[in-house]
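Scroll down for the structure; my scribbles are underneath it.
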Amino acid sequence: MEQNQLLLIEDEKDLSDALKENLELEGIKVLQAFDGIEGMKVALAEKPRLILLDLMMPNMDGTTFLRELRTDKEYGASARVIVLSNVAEKESVDEMVRLGALDYIIKTNWSLQELTDQIKTLMV
């Protein structure tokens, strides 16, 4: 597990690229995946320090991703996951917390710089 490596699973390419660029300026190595299936492959192969997970994605949504990730005893059961979503329903937040997400960030409530700063603090 590389200590300064993060996996960003986000299907909105423009947002993913902008966040990747900001985080890399902070010295964080960012791996990208654009759906849950690709994200699972990268997560289990690379074992990043932190996973940023969107919920609404093609092929495998974020909730399914996190449930499946938690079944992997070697890495996934204790992987550090932050949910980045525009889904603000209490049930969704509660489910992600129950599955062990460290935080649940509503994308529209944060600027790109605020998001970068928050993620940077979670990388330590």
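The chain is numbered in sequence order, starting from 1. What you see is a predicted model, and the numbers here were worked out from it, not measured in a lab. What you see below is based on every heavy atom in this structure, not just the backbone, and it leaves out hydrogens, waters and symmetry mates.
Closest heavy-atom contact between D11 and M56: OD1-O, 3.2 Å. Counting all heavy atoms, side chain and backbone alike, M123 lies closest to R49 at O-NE, 3.0 Å. Minimum heavy-atom separation, P48 to A43: CD-O, 3.6 Å. In plain terms, the two heavy atoms of R80 and L122 that are nearest each other are NH2-O, 2.8 Å. When all heavy atoms of S92 and Y104 are compared, the pair lying nearest together is OG-OH, 3.1 Å. Scanning all heavy atoms of the two residues, the minimum distance from M57 to D54 falls at CE-O, 3.4 Å.
Taking 4.5 Å as the limit, every side-chain heavy atom of L55 sits out of range of all side-chain heavy atoms of D61. Counting heavy atoms from C-beta on, the side chains of V83 and I105 never come closer than 4.5 Å. With a 4.5 Å cut-off on side-chain heavy atoms, L44 and D72 count as touching. Between L102 and L50, the closest side-chain pair of non-hydrogen atoms falls below 4.5 Å. A 4.5 Å side-chain heavy-atom check between L52 and I9 finds every atom pair outside the cut-off. The shortest side-chain heavy-atom distance between N4 and K29 does not fall under the 4.5 Å cut-off. Between L19 and E10 the shortest side-chain heavy-atom distance does not fall below 4.5 Å. You'll find the side chain of T121 stays beyond 4.5 Å of the side chain of D117, heavy atoms only.
When atom types are taken as modelled, the side chain of R70 and the backbone of A79 share a donor-acceptor pair closer than 3.5 angstrom. Within the 3.5 Å criterion, the main-chain N or O of D14 finds no donor-acceptor partner in the side chain of E12. Of the possible donor and acceptor atoms, one in the side chain of N86 sits under 3.5 Å from a partner among the backbone N and O of T108. When atom types are taken as modelled, the side chain of Y75 and the backbone of A45 share no donor-acceptor pair closer than 3.5 angstrom. Side-chain atoms of T116 come within 3.5 Å of backbone atoms of L112 as a donor-acceptor pair (strictly under, hydrogens ignored).
Residues E38 and N59 have side chains that never bring a donor and an acceptor to within less than 3.5 angstrom of each other. N22 and E26 are not linked by any side-chain donor-acceptor pair at a separation below 3.5 angstrom, with hydrogens and angles left out of the test.
Under a hydrophobic-cluster definition in which Ile, Leu, Val, Met, Phe, Trp and Tyr are linked whenever side-chain heavy atoms come within less than 4.5 Å, directly or via other members, L15 and L7 are assigned to different clusters. One hydrophobic cluster, built from ILVMFWY side chains closer than 4.5 Å, cannot hold both F34 and L8; they sit in different ones.
Going from atom CG of D103 over to atom CD1 of I119 covers 10.0 Å, rounded to the nearest 0.5 Å. Separating the CE atom in M60 from the CG atom in L69 is a distance of 10.0 Å, to the nearest 0.5 Å. Separation of atoms CG (L115) and NZ (K120) is listed at 12.5 Å; rounding is to 0.5 Å.
For Q113, the CD atom counts as densely surrounded, since its 6.0 Å shell holds more than 12 non-hydrogen atoms of other residues, nucleotides or ligands. Counting heavy-atom neighbours within 6.0 Å of E21 CD, excluding the residue itself, gives a total of 12 or less.
R98 has a carboxylate O that lies under 4.0 Å from a charged side-chain N of E95, or vice versa, which qualifies the two as a salt bridge.
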### Task
Starting from the C-alpha separation in whole Å, work towards a yes-or-no answer on side chain to side chain contact (heavy atoms under 4.5 Å, CB included) for I82 and L53.
CA-CA 6 Å; I82 303 292; L53 177 65; over 6 Å; no
### Verdict with reasoning, N109 to E114, per side chain to side chain donor-acceptor pair (under 3.5 Å)
CA-CA 10 Å; N109 294 351; E114 288 171 329; over 6 Å; no
